[in-house]
Structure formats: C-alpha cells, structure tokens
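Here the structure comes first, spelled out in structure tokens, and everything after it is commentary.
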Amino acid sequence: MRTPNWILLPVAAAFMLAACGQGGQAGPAGKPSAPPAEVGVVSVTKGSTLLTQDLPGRVQAIRSAQIRARVEGVLEKRLFAEGSDVKAGVALFHIDARTYKAAAESARADLALAKLNVDRYRPLLEQKAVSQQEFDVLLAKFKQAEAALAKAELDLENASVPAPISGRIGRALVTEGALVGKGEATPLATIEQLDRVQVVFVQNGSDLFRLRQALKRGKLRQADQAQVELVLEDGSVFPRRGKVDFTDLAADPDTGAISLRAEFLNPGRELLPGTFVRIRFPQARFEDGVRLPQRAVLSGPQGQLVLTVRADGKVVPRPVKTGTMVGDDWLITDGLEGGEQVVVDGVMKARPGAEVKVVPVAPAKSAEGK
C-alpha cells in the first residue's frame, strides 16, 4: 500500500530543509525555540516471522447423504422434524406397503410349494422313479422362489425409509400423498454431519512455484503446514484450528490453482455447509525479520524509507526494503539491524534532522503473524 501524497509532501519538504542545514534550527533571534515535537516510536527487534496467505474456500459437511425412495408408492407419513438431529437406522418416511406385503406373502407361499415338491421328488430320484432332469427343474424353481421372496422382503423393508447416517436432516423435499419412486429414486431429504466439517480451498500455482524457489535459495524456511486457521466473513478467526488432510497432486488446467482440504471440529455447528470463508495457510518462515506497522513505512522517489530517532533525539531517514504484508504490518527484509527507534505516530512532525521527543508505543504484533 503506497503512502498518500499528502503525507509524502511534508516529508519531502523536510528532506530539502535538512539538506540546506535548516532542520531543527532555533527560531528568530530573541525568541525561544519551539519545544521538540512529540512522536510515537517502536523499538526494532528481529525474530522469526511466519508468513501466511489467506486463501478462499468453502465449507462442506464431513458426510452428506441424500435420502431417496427405493420403491414406488404413495408417501404415507413423514416421521421427523425438519432441521432436527436424527440417528442412523431410524425410520424417516413410510411408503404405502400394502402391495409389497401381499407380494411377500405370495412369494413365501410359492417358496413353500417349491420346497415341498423338491422334498417329495428327492426320494423318488434316489429310487430312479423320476429322472435327474425332472428333479433339476423342480430344484431350479425352488431357487427362483427363494430369490423372489428375498426381493419381495427387500421391497417391503424399503417401504420404510431409514436414515443411512447420523446427522442433521434438512427440509423434506416431498409431502405426504406424493407418488415417489416411479421410474426413478425420488430425493426425499438430505442428512449432513456437522460436528466436523471440511473446507476445500485453492492455492495459486504460480505463488506456490515462487515460494518453492525462495525455499531452495535459502531465503525462507519451510513452515509447518499441517494446521491452518479459518477466517470468518466478519474477519474474526474461528477458535479451533484445522488440519490439512488432502492436497491435490495436479493443478487445474483452466485456472492453474491447486485444491487443498482441511478438516475442522464444529461442535457448536457454527460453520454451515456452503459458507464462503478464508483459510490462513502457513507459507514459510522468514528468519531475522523485522515487522513494522504499515503507517511507519513511507514511499518516496528513491524507494521506501522509515524515520528513525537517534540517541540524541535527532530524526534520521533510513531506506528499507519490504517483503510481504503480515497482518497489518510490513515485513522489513533489509535496512534495519535491530535496536533502532522508528517513528510510527506523528510522522508529519518528524522532520529529518529535527529534534523530537519520543514516546514508546505498543510494538508490532507477534512473530507468528496472528
């Protein structure tokens, strides 16, 4: 972020005054000098800084099951409250089962008759009173009757639609009296497990390539990328960290992005499927880095600089090089050795060469980039 011109103009003018030897001089003869301006400073410290990147993502349920009608019939009853928690195996819908009950009874009767015929013909086969072929026909009919009964009983069972998984069930997609399952498995409702959620997010392939090159050159150190933070829509950070459990092996040919996935515990059900969030993803560590508030770094024709205060209270500009933003701070990669006092408040009053009164202010955020 570049500093506005209305800030740079006084700074540039101050540089010109310092060059002419006018900075910090006393007032006209006979008049006392103005007291030194008061400025807020931070003391520069070096440390390990975690570089992160906020990547876009979307929340998904850890498991999702769509309830469908497996048999044809009229929906008689809904057995759950929409939006409630249900247990696996609990009946959710009843489909009119009278036809399937009759079919199952008929199949049982056919199976009993087929078994009776097989039992009658078996001793006759041993006595050579009937041929093997006649017995095999009866045995095949018995097997067919067994299969027909199994199907009829399964259809009867499917007339009561159970929950395949435990979780929170959404609204019913059909009402009582609707004909379901005719020619297709009609969707009835959806169950989602929300005590844990997944967030699918993407990382730009070009950014990843540049990061790996920097790691190879030794400018950065690999960070632990197993745990990530989730940033909500209002900018707040979700209180529980997530674990990255999947990284795609190839980039999307259309976008060049790489898909990743992280899992978060969600006991309070705050995270809802479909919500757009940001994943704060650890990129690397920068050793011996300096962090300064954004307002402390000025931009001029010669590049970026900060205003430092010497031990004698005089303001001295110092050219610096900046890296990436870490939260609301600039990461300073060159120009500061540590121990300097840098002006962060009252920059417009701190003319190069002028004497100022320093007031310590709160230091930059922690080195973890939080």
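Values reported hereafter were calculated over all heavy atoms of this structure, with side chains retained and with hydrogens, waters and symmetry mates removed. Each residue takes its place number in the sequence, starting with 1.
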Carefully, step by step, assess L307 and V342 under the rule side chain to side chain contact (heavy atoms under 4.5 Å, CB included). CA-CA 6 Å; L307 300 178; V342 175; over 6 Å; no
Yes or no on side chain to side chain contact (heavy atoms under 4.5 Å, CB included) for T308 and V315, after CA distance, side-chain angles and deciding distance? CA-CA 6 Å; T308 63; V315 176; over 6 Å; no
Report the C-alpha distance between V277 and V199 in whole Å, list the side-chain angles of each, state the deciding distance to 0.1 Å, and finish with yes or no for side chain to side chain contact (heavy atoms under 4.5 Å, CB included). CA-CA 8 Å; V277 295; V199 177; 3.8 Å; yes
Steps toward side chain to side chain contact (heavy atoms under 4.5 Å, CB included) verdict (V359, V39): CA-CA 6 Å; V359 177; V39 296; over 6 Å; no
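Contact check for R241 versus R280: no side-chain heavy atoms found under the 4.5 Å cut-off. With a 4.5 Å cut-off on side-chain heavy atoms, I279 and Q53 do not count as touching. With a 4.5 Å cut-off on side-chain heavy atoms, V309 and V343 count as touching. Annotation: side chain of L336 is in contact with side chain of V306 (closest heavy-atom distance under 4.5 Å). Contact annotation: the side chain of D96 never approaches that of L75 to less than 4.5 Å [non-hydrogen atoms, C-beta and beyond].
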Under 3.5 Å, which donor-acceptor pairs link side chains of residues 103-119 to any protein atom two or more places apart or in another chain?
from	atom 1	to	atom 2	distance (Å)
E105	OE2	R108	NH1	2.9
K115	NZ	D119	OD2	3.1
N117	ND2	L113	O	3.4

Let me have the donor-acceptor pairs involving side chains of residues 156-175, under 3.5 Å, with sequence neighbours excluded, atom names and distances please.
from	atom 1	to	atom 2	distance (Å)
N158	ND2	L154	O	3.4
S166	OG	A88	N	2.9
R168	NE	D85	OD1	3.3

Sequence neighbours excluded and cut-off under 3.5 Å, please list the side-chain donor-acceptor pairs for residues 55-73, or say none.
from	atom 1	to	atom 2	distance (Å)
Q66	OE1	R68	NE	3.0
Q66	OE1	R68	NH2	2.6
R68	NH1	A185	O	2.6

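A pairwise comparison of heavy atoms in V344 and A296 identifies CG1-CB, 3.4 Å as the closest pair. Heavy atoms only, all atoms of each residue included: F276 and E233 are closest at O-CG, 3.5 Å. The two residues V361 and G40 have their closest heavy-atom pair at CG1-CA, 3.8 Å. Listed here is the closest heavy atom pair of L265 and P267: C-CD, 3.5 Å. Residues G353 and K314 come closest through the heavy atom pair O-CD, 3.3 Å. Closest approach of L50 to P282, counting heavy atoms only: CD1-CB, 4.2 Å.
Each of T333, L331, V297 was scored for a side-chain contact (heavy atoms from CB on, under 4.5 Å) with T322, with one residue passing: V297. No option in T45, T49, D329 other than D329 meets the side-chain hydrogen bond (donor to acceptor under 3.5 Å, both in side chains) test with R291.
Both L124 and L139 sit in one connected hydrophobic cluster of ILVMFWY residues. Membership requires side-chain heavy atoms under 4.5 Å apart, directly or through other members. Put simply, F93 and L79 are part of two different groups of oily side chains (I, L, V, M, F, W, Y) that touch within less than 4.5 Å, one to the next. Criterion: ILVMFWY side-chain heavy atoms under 4.5 Å apart, direct or through other members. Under it, V202 and F264 are not part of a common hydrophobic cluster. I191 and V197 are not part of a single hydrophobic cluster, where members link through side-chain heavy atoms under 4.5 Å apart. By the rule that hydrophobic residues join a cluster once side-chain heavy atoms approach within less than 4.5 Å of another member, V228 and L51 end up as members of separate clusters.
Judged by distance alone, with hydrogens and angles left aside, the side-chain atoms of E153 form no donor-acceptor pair with the main-chain N or O of A150 at under 3.5 Å. Side chain of K349 to main chain of E38: a donor-acceptor pair is present (N/O by atom type, distance under 3.5 Å, no hydrogens or angles). No side-chain donor-acceptor contact under 3.5 Å links Q144 to the backbone of F142. Judged by distance alone, the side chain of R78 and the main-chain N or O of F80 form a donor-acceptor pair under 3.5 Å.
Within the model, atoms CG of D334 and CD1 of I332 stand 10.0 Å from one another, a figure rounded to the nearest 0.5 Å. We find the CZ-CD distance between F238 and E270 to be 5.0 Å, quoted to the nearest 0.5 Å. One finds the CZ atom of F281 at 5.5 Å from the CG atom of L260 (value rounded to the nearest 0.5 Å). Interatomic distance, E126 CD to F135 CZ, rounded to the nearest 0.5 Å: 8.5 Å. To the nearest 0.5 Å, atom CG of residue L230 and atom CZ of residue R278 are 9.5 Å apart. To the nearest 0.5 Å, atoms CD (Q304) and CH2 (W330) are separated by 5.5 Å.
Residue pairs meeting the side-chain hydrogen bond (donor to acceptor under 3.5 Å, both in side chains) criterion with at least one partner in residues 255-267, sequence neighbours excluded, are R196-E263, D245-R261. The stretch residues 178-190 participates, sequence neighbours left out, in no side-chain hydrogen bond (donor to acceptor under 3.5 Å, both in side chains) pair at all.
In this structure, E176 has no side chain to side chain donor-acceptor pair (under 3.5 Å) partners at least two apart in sequence or on a different chain.
Dense packing is recorded around CD of Q132, with more than 12 heavy atoms of other residues, nucleotides or ligands lying under 6.0 Å away. Other residues, nucleotides and ligands place no more than 12 heavy atoms under 6.0 Å from the NZ atom of K141.
Judged purely by distance below 3.5 Å, without hydrogens or angles, the side chains of Q341 and S43 never pair a donor atom with an acceptor atom.
Judged by the 6.0 Å and 45° rule, R98 forms no cation-pi pair with Y100.
Contact check on D195 versus R269 returns no salt bridge, with no Lys/Arg side-chain nitrogen under 4.0 Å from an Asp/Glu carboxylate oxygen.
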